[in-house]
Amino acid sequence: MMYDFKNIEKNWQKYWKDNHTFKASNNSDKPKYYVLDMFPYPSGAGLHVGHPLGYIASDIYARYKRHKGFNVLHPQGYDSFGLPAEQYAIQTGQHPAITTETNIATYRRQLDQIGFSFDWSRKVRTSNPEYYKWTQWIFIQLFESWYNNESNKAEDIKILVSKFEAEGNATVNAACDENIEPFTAAEWNAFSEVEKQEVLLKYRLTYLAETEVNWCPALGTVLANDEIVNGVSERGSHPVVRKKMTQWSMRISAYAERLLQGLDTIDWTDALKDIQKNWIGKSVGASVTFNVNGHNEKIDVFTTRPDTIFGVSFMTLAPEHELVSQITTAEQKADVEAYIEATAKRSERDRMADVKTISGVFTGAYAEHPFSKEPIPIWIGDYVLASYGTGAVMAVPCGDQRDFDFAKHFGIPIPNIFDLSNIKGTSENSPLSEELEEAFTSKDNVKIVNSDFLNGMNYKKASKRAIYELEQLGQGEGKTNYRLRDAVFSRQRYWGEPFPVYYVNGMPQMIEAEHLPIKLPEVEKYLPTEEGEPPLGRADVWAWDTTQSLVVSNELIDHKTIFPLELNTMPGWAGSSWYFFRYMEDAANRDGVFASEEALNYWENVDLYIGGSEHATGHLLYSRFWVKLLKDRGFVNIEEPFKKLINQGMILGTSAFVYEFIKEKIDISTTITSGFNKSIFISHRIIQKIESLPLEEREIYIDSKLKNKFLSIISQEQFDKCKDSIKFPKRDTRALHVDVSLINSSDELDIEGFKNWRTDFQNAEFITDDDGTIKVSRDVEKMSKSKYNVVNPDDIVADYGADSLRLYEMFLGPLEQYKPWNTAGITGVHGFLKKLWKLFVNENGLKVTDTEPSKDNLKTLHKTIKKVEEDIENFSFNTSVSTFMIAVNELTSQKCTSKEILEPLLVLISPYAPHIAEELWSQLGHEGSISTVDFPKFEASHLVESSKKYPISFNGKMRFTLELPMDMPKDEIEKTVMAHEKTIAQLDGRTPKKIIVVPGKIVNIVG
RNA sequence: GCUGAAGUGGUGGAAUUGGUAGACACGUUGGACUUAAAAUCCAAUGUCCAUUAGGACGUACGGGUUCAAGUCCCGUCUUCAGUACCA
């Protein structure tokens, strides 16, 4: 009986489906385990072999946990809102829902044939109204919340309102906008409804604010930074301008500290934690307020070095700083305005990329030093960013390199406040540190001097004292700053969640949760309107009737009971920030809640999450934020969604290149029209051969080996002309990407297939190797359609089966590593599966017997159990595949037929190659699936050895091995080894200086 | 620049706490079977020297610690990823 993977895999996939084998239950005596993959965006191109890598790993782990007696939840779904479908809709008019539906069907078919143990009954789609109903609901919760810094959690906005009613806002310590005017209870109560709403927006966790965006008028849309290349749009090269827009934002900054602290409680890689830490960017320091001479305005700055306050010799404001226009003196006005205009033209990217150019302008104004009361010139410079801190810095040139460079460039004094005598070796403190070649930026081992009350103190002490003194003056306080910005939540797109928001007097109102979902309206086109409104501006039925609680026609808007609805939609990360909770609930019980309390309490959080590291600062941060909010508001009980997280590496494509002679080199014609017009391809092996020869030998080689080949294609005259080119084939050929499906495992081109691949190669000619083949060269690149290096898993499954694909993807290398795909190697794992099959079955059928296992059989089995279990626990799947191969090789040569050995072996392999394991399991006479059979138990007794093959080394170099009993004592080993003839031969009469004997390990003879 | 990860045969990669470097595969070469091909099986395969026996060298590079280093320490280089005038 042959290993008929096609039928086996089809049958078992059907069996699992029919029997709901992998359906998770929310009621179980078993401990729970939740394994999750980052769900895919269903793109039109379908899956390539890179996509399933993480899914296979998580599937192995999920199946392993089932064998280990866990109640496993392993769901899958689709992140089905997104740009590609919308882009396609704009081009073709096809509704994105239809495209999405088709793409999902393809994904599902492709996923199904790989044999994943997903519980599909719990699938979700973010674009499904039943799902986004709850995304909208969570948005409302954010709107109805504020962050109380005292209790350090989000609370109901009603609590804030009652505080305002009773005490005003002076006693409230909240995460809120910077520019809030203080008000009393009486003032609050006297506010109009609109005024109250305006104030509350500054406190809500999602709020409307003016945000600068990259607006592309030609495309009528906002572009992300990476959609802009050289100041114009990537698509179409249209101009892009910075524009202010009112948009929804998420006050994620309120959670900066908790997002940072939470990292210590979760099992993620340090690399990933570092990315998030850097992104949050915590810095501890002080805010300092400077008075401006001759003005009432004050300038706030943030500094991490309050200890260096006496080293301030100027201030720098970002050119966009709001005070610039007010404080600039008449003489400086022209210069300042010119500078501001020049910076505005440069994109933020340009400004950031260009670190070397130092530029700035003096405003003519002076600030007053809080302690010395000395005047401090105020400059503007684009090295100060408006978006970080307060957009202003107190410049301490002796302690900060950028300030130093700026001061040096513009001839501003650089007073020294560091006692550098022990560092620089100079005996005196220089009053001006012009001798300094660079700023002294270290905080360690240095004392402050020339600084009044800070003299003689170290960094820590001086910082504390400076903050204290600033507080006494009312001109500063200790402050912690975060780089983390609030996240813009509006998108001017169609294919996303609509906001449950309508506007009364320009103030946003939430639609009652009971009326959700607010479904996406139909539009006739998916483009922005002519007026630059988002695509929803084209909807005719997009107004909210407050009396009927219905979406009604726009014509009915009267601003009394019927109001306009929000035109923006939510971003891609909205739906993905909470989907892991939705899976916890059985599909049947999802109506009333996003997930029931029982389900949430049972599954708690994701035990193992697998996905790409590219989501480090997006999805993985936003979901943590939303989970913390939901916890604060009492909807869930966990602080962190993903306990353990593993990043799978990318699978790269192995591109193939053919080499075409540059036609002009062959061309001998005198007119353009009669030019040489045939493509001639030359085997890469010949190119390598020629290039490896010294110049003078090349001609001989060409005349003897290649001339005839060329003359069968071109004339003698043409050959003579291009001979020089043939001598330099690297220079005079063009490398072309060729579809990797036309290449066999020996890097040879399928010449006929290649001719048919593109019509312009129909008449191509080939300079082949002597065996008649064209060799291609290979290079590793990212898998992409345009590089013709995409490998479709469908083809692999058809040729070798899903089990082979699963094993091979794991066999390629460590999960986290980036690695190239090379289909050639798959025959190895496929051969292994055939060998495994043959261990159980021969021409006459099942050959497994009840024979007592031999000692060797048991040893092989148990060392395999041990290794595989360790490997899975360590996510080292590649090494367990090798272990299986070794086991099967050994058992084959041992001619093992013992059921006692082969049965547990099947269970070990079943997480990796579930189809063949199920098939053989049932052939062994078992009813039902192998998937929940107990994992074999390792018994160390089978691995106990009575003897050890000792490596005998001389000066650390292994020379021969010697088999000795395991229990032989040290001195006995030494005696035996020394008496051995090979030892005597090695020593050649010398007396060893030292003999190291490590029992059970090694013998090393020194001398 | 900073942060993180990684450099091992022709290729993908093994090597658990320092203890036989190159497991397991691919590829290549030779052989068996076959009319032939495929499939399968057997053998060899780090490099160099040597007929063999054997020897020298070898984990990016240069040092060091140790009886013993791919593994630990110091320095250098390269590649990849993240991030970037963060005050």
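Hydrogens, waters and symmetry mates play no part in the numbers below; they use all other heavy atoms, side chains included. Just so it is clear: chains get the letters A, B, ... in the order the sequence lines come, proteins before strands, and each one is counted from 1.
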Set out, line by line, the N/O atom pairs under 3.5 Å between protein and nucleotides 4-12 of chain B.
from, atom 1, to, atom 2, distance (Å)
B:G12, O2', A:Leu812, O, 2.5

Look through every strand shown and name the nucleotide pairing with B:A60 as Watson-Crick or G-U wobble, where both distances are under 3.5 Å.
B:U76
Given B:A68, B:U20, B:A87, identify the nucleotide with an atom nearest to the side chain of A:Asn1004.
B:A68
With rounding to whole Å, what would you report as the distance between B:U76 and B:G82 at their C1' atoms?
24 Å
When the ring centroid of A:Tyr808 is compared with that of A:His830, is the distance short of 6.0 Å?
no
Could you state the atom-to-atom distance from CD1 of A:Ile651 to P of B:G13 in whole Å?
11 Å
Please give the nucleotide sitting opposite B:U8 as a Watson-Crick or G-U wobble pair, both distances under 3.5 Å, or none.
none
By nearest-heavy-atom nucleotide on RNA chain B, the more 5' of A:Thr390 and A:Thr617 is A:Thr617
B:C67 P sits how many Å from A:Met978 CE, rounded?
18 Å
If you measure from the C1' atom in B:C72 to the same atom in B:G19, how many Å do you get, rounded?
14 Å
For A:Val998, report the nucleic acid contact type (base, sugar-phosphate, nothing); a contact means any heavy atom under 4.0 Å.
base
Audit row: A:Glu890, A:Lys863, salt bridge (Lys or Arg N to Asp or Glu O under 4.0 Å) steps and yes/no
CA-CA 12 Å; A:Glu890 285 183 5; A:Lys863 79 175 183 197; 2.9 Å; yes
By nearest nucleotide on RNA chain B, pick out whichever of A:Lys949 and A:Gly389 is the more 5' one.
A:Lys949
Distance (rounded to the nearest 0.5 Å) between A:Gln276 CD and A:Asp274 CG:
10.5 Å
Quote, to the nearest angstrom, the P distance that separates B:G9 from B:U71.
15 Å
Gap in Å between the two P atoms, one belonging to B:G55 and one to B:G10, rounded
23 Å
Could you pull out the protein-nucleic contacts involving nucleotides 55-61 of chain B (nitrogen or oxygen on both sides, under 3.5 Å)?
from, atom 1, to, atom 2, distance (Å)
B:G55, OP1, A:Gln986, NE2, 3.3
B:A56, OP2, A:Arg959, NH1, 3.4
B:A56, OP2, A:Arg959, NH2, 3.3

Are the aromatic ring centres of A:Phe5 and A:Tyr800 under 6.0 angstrom apart?
no
In whole angstrom, give the distance that lies between atom CD1 of A:Ile380 and atom P of B:C85.
18 Å
Ignoring the backbone of A:Tyr388, work out which of B:C67, B:A15, B:A87 is nearest its side chain.
B:A87
Please work out if A:Lys835 contacts a base, only the sugar-phosphate, or nothing of the nucleic acid, heavy-atom cut-off 4.0 Å.
sugar-phosphate
Suppose you measure atom C1' in B:U8 against the same atom in B:G46; what distance do you get, rounded to whole Å?
10 Å
At a heavy-atom distance below 4.0 Å, what parts of residues 861-869 of chain A sit against RNA chain B?
none
Enclosure of A:Glu614 CD (heavy-atom neighbours >12, cutoff 6.0 Å)
yes
N or O in side chain of A:Arg483 less than 4.0 angstrom from B:A84 OP1/OP2:
yes
Could you state the CG-C1' distance from A:Leu964 to B:G19, rounded to the nearest angstrom?
16 Å
Checking A:Thr879 against A:Ser876: is there a side-chain donor and acceptor pair closer than 3.5 Å?
yes
Evaluate the side-chain proximity of A:Ile796 to A:Ser804: yes if any heavy-atom separation is below 4.5 Å, no if none is.
no
Are the ring centres of A:Phe314 and A:Phe406 closer than 6.0 Å?
yes
Please classify the nucleic acid contact of A:Asn889 as base, sugar-phosphate, or nothing, using heavy-atom distances under 4.0 Å.
sugar-phosphate
Could you list, one pair per line, each protein nitrogen or oxygen that sits under 3.5 Å from a nitrogen or oxygen of nucleotides 37-40 of chain B, together with the distance?
none

Send over the distance from A:Glu981 CD to B:A53 C1', rounded to a whole Å.
14 Å
Return the set of residues passing salt bridge (charged side-chain N to carboxylate O under 4.0 Å, His left out) with A:Lys866 (not counting sequence neighbours), or none when no residue passes.
A:Glu870
Mind checking who B:U45 pairs with, Watson-Crick or G-U wobble, both distances under 3.5 Å?
B:G27
Go through the side-chain N and O atoms of A:Ser359 and A:Tyr339 and say whether any donor and acceptor fall under 3.5 Å apart.
yes
Any strand: nucleotide that pairs with B:A37 via Watson-Crick or wobble, under 3.5 Å
none
Counting Watson-Crick and G-U wobble pairs only, both distances under 3.5 Å, name the nucleotide matched with B:A81, or none.
B:U3
Is A:Thr983 reaching over with its side chain to a backbone N or O of A:Val977, donor-acceptor style, under 3.5 angstrom?
yes
Whole-Å distance between B:A87 C1' and A:His321 NE2?
13 Å
In whole Å, what separates the P atom of B:A60 from that of B:A6?
13 Å
Sequence-distant partners of A:His48, ring-ring contact (aromatic ring centres under 6.0 Å, His included), two or more places apart
A:His51
Please confirm whether the shortest side-chain N or O distance from A:Tyr818 to OP1 or OP2 of B:C80 is below 4.0 Å.
no
Decide, for B:G9, between syn and anti: a glycosidic angle within 90° of 0 counts as syn, anything else as anti.
syn
Applying the 3.5 Å cut-off to both distances, the Watson-Crick or G-U partner of B:A68 turns out to be none
Can you tell me if the side-chain N/O atoms of A:Asn878 get under 4.0 Å from OP1 or OP2 in B:A14?
yes
Within a reach of under 6.0 Å around CD of A:Glu981, are more than 12 heavy atoms found that belong to other residues, nucleotides or ligands?
no
Under the side chain to side chain donor-acceptor pair (under 3.5 Å) criterion, do A:Tyr950 and A:Thr961 qualify, and how do the steps go?
CA-CA 5 Å; A:Tyr950 279 92; A:Thr961 57; over 6 Å; no
Could you give the distance separating B:G63 and B:A69 at their P atoms, to the nearest angstrom?
15 Å
Separation of B:U16 P from A:Glu870 CD (nearest whole Å)
11 Å
Interatomic distance where OH belongs to A:Tyr808 and C1' belongs to B:G13 [whole Å]:
11 Å
Going by purine N1 to pyrimidine N3 plus the second Watson-Crick contact, or the G-U wobble pair, all under 3.5 Å, which nucleotide sits opposite B:G18?
none
Counting any heavy atom closer than 4.0 Å, what does A:Thr827 reach on the DNA or RNA strands: base, sugar-phosphate only, or nothing?
sugar-phosphate
Whole-Å C1' distance, B:U59 and B:G13
13 Å
Any luck finding a side-chain donor-acceptor pair between A:Thr390 and A:Asp300 under 3.5 Å?
no
Of the listed nucleotides B:C86, B:C24, B:C85, the one nearest the side chain of A:Met885
B:C24
Establish, with yes or no, whether the OP1 or OP2 oxygen of B:A87 is under 4.0 angstrom from a side-chain nitrogen or oxygen of A:Ser283.
yes
Is a side-chain donor-acceptor pair under 3.5 Å present for A:Gln475 with A:Thr289?
no
A:Trp268 six-ring face occupied by A:Arg624 cation (under 6.0 Å, within 45°)
yes
